[in-house]
Amino acid sequence: MRKMLMMTWAICSFWSCQSQDKKAETPKNTSGKVVKTDQEWQKELTAEQYQILRRKGTERPFSGKYYDHFEKGKYICAACGNVLFNSDAKFDSDCGWPSFDQAISGSVIYKKDLTFGMERTEVICSKCDGHLGHVFDDGPKETTGKRFCTNSVSIEFIPENQ
């Protein structure tokens, strides 16, 4: 009986150690997400991009290069290149930031934002978790009714012919 208990203990100990070893391994990134350290982001982004994309800042209204930009093409995340918006979704909301009535399906994540005593919905890049801006329900009623209020610093424009 004692031998049987010792063998059972040895087997259980072996499996317990094996599962602990697996838990200690660093998980591999198989999701397609861009995962970087804070230091890597600081090296790759400008100070303004870092402040907005990684620290959830906001550029001054009417200061960004895309708030009054209406060329045909697509807008991508300035941090990782994820395609976020088509130019057909862009409209002039006169709010001082680029506005879109819809994002490309699956390109963004929505997160409740309770900062500054307000309840808003933050819009985040689904590939790198970069802060893009916020979405509101005061967009064009003839389309989606949404207004993706986006920081110019967080996006880049790719013309249609490229």
(message) Keeping Asp129 on the side-chain end and Ile124 on the backbone end, is there a donor-acceptor pair under 3.5 Å?
(response) no
(request) Decide yes or no for Thr46 and Gln51: does some side-chain heavy atom of the first lie under 4.5 Å from some side-chain heavy atom of the second? (result) no
(message) Using side-chain heavy atoms (C-beta onward) and a distance below 4.5 Å, is Lys146 in contact with Gln102?
(response) no
(request) Determine whether Cys128 and Arg54 make a side-chain contact, defined as any pair of heavy atoms from C-beta on separated by less than 4.5 Å. (result) yes
(message) Ignoring hydrogens, what is the shortest heavy-atom contact between Glu59 and Ile52? Give both atom names and the distance.
(response) N-CD1, 3.6 Å
(message) Tell me if the NZ atom of Lys141 is crowded by more than 12 foreign heavy atoms within 6.0 Å.
(response) yes
(message) Let me confirm one number: the SG-CD distance from Cys77 to Glu156, rounded to the nearest 0.5 Å.
(response) 8.5 Å
(message) Is any side-chain heavy atom of Leu53 closer than 4.5 Å to one of His131?
(response) no
(message) Measuring only between side-chain heavy atoms, which start at C-beta, is Asp101 closer than 4.5 Å to Arg147?
(response) no
(message) For the CD atom of Glu160 and the CG atom of Asn86, what is their distance to the nearest 0.5 Å?
(response) 9.5 Å
(request) Look at the aromatic rings of Phe85 and Phe100 and report parallel, tilted or perpendicular, splitting at 30° and 60°. (result) parallel
(request) Examine Tyr67 and Val135 and state if one hydrophobic cluster contains both, with Ile, Leu, Val, Met, Phe, Trp and Tyr joined whenever side-chain heavy atoms are less than 4.5 Å apart. (result) no
(message) I'd like to know if Val153 and Trp41 are part of one continuous hydrophobic network [Ile/Leu/Val/Met/Phe/Trp/Tyr, side-chain heavy atoms within less than 4.5 Å].
(response) no
(request) Decide yes or no for Asp94 and Phe62: does some side-chain heavy atom of the first lie under 4.5 Å from some side-chain heavy atom of the second? (result) yes
(request) Identify the heavy atoms of Glu122 and Lys56 that sit nearest to each other, and give their distance. (result) OE2-NZ, 2.8 Å
(message) Testing the basics here: between Lys90 and Pro98, what is the closest heavy-atom pair and its distance to 0.1 Å?
(response) CE-CB, 4.0 Å
(message) For Leu84, run the side chain to side chain contact (heavy atoms under 4.5 Å, CB included) check against Ile76, Ile155, Ile104 and tell me which one passes.
(response) Ile155
(request) Measure the spacing between NZ of Lys33 and CG of Asn82 and express it to the nearest 0.5 Å. (result) 9.5 Å
(request) Report the distance from atom CD1 of Ile109 to atom OG1 of Thr121, rounding to the nearest 0.5 Å. (result) 13.5 Å
(request) With the side chain counted from C-beta on, respond yes when Thr150 and Trp97 share a heavy-atom pair under 4.5 Å apart, and no when they do not. (result) no
(request) Enter the distance from Ser63:OG to Asn151:CG here, rounded to the nearest 0.5 Å. (result) 8.5 Å
(message) Parallel, tilted or perpendicular, judged at 30° and 60°: which one describes the rings of Phe157 and Tyr75?
(response) tilted
(message) Test your reading of the model: is there a side-chain donor-acceptor pair from Ser126 to the backbone of Gly106, 3.5 Å cut-off?
(response) yes
(message) Between Ser152 (side chain only) and Tyr66 (backbone N and O only), is there a donor and an acceptor less than 3.5 Å apart?
(response) yes
(message) To check you understand the geometry: which heavy-atom pair defines the closest contact between Lys36 and Glu40, and what is its length?
(response) CA-OE1, 3.1 Å
(message) Can you tell me how the ring of His134 sits relative to the ring of Phe136, calling it parallel under 30°, perpendicular over 60° and tilted otherwise?
(response) tilted
(message) Contact between Asp92 and Phe70 at the side-chain level, heavy atoms closer than 4.5 Å - yes or no?
(response) yes
(request) Identify the heavy atoms of Thr115 and Arg120 that sit nearest to each other, and give their distance. (result) OG1-NH2, 3.1 Å
(request) Please report the shortest heavy-atom distance between Pro159 and Glu71, naming the atom on each side. (result) CB-OE1, 4.2 Å
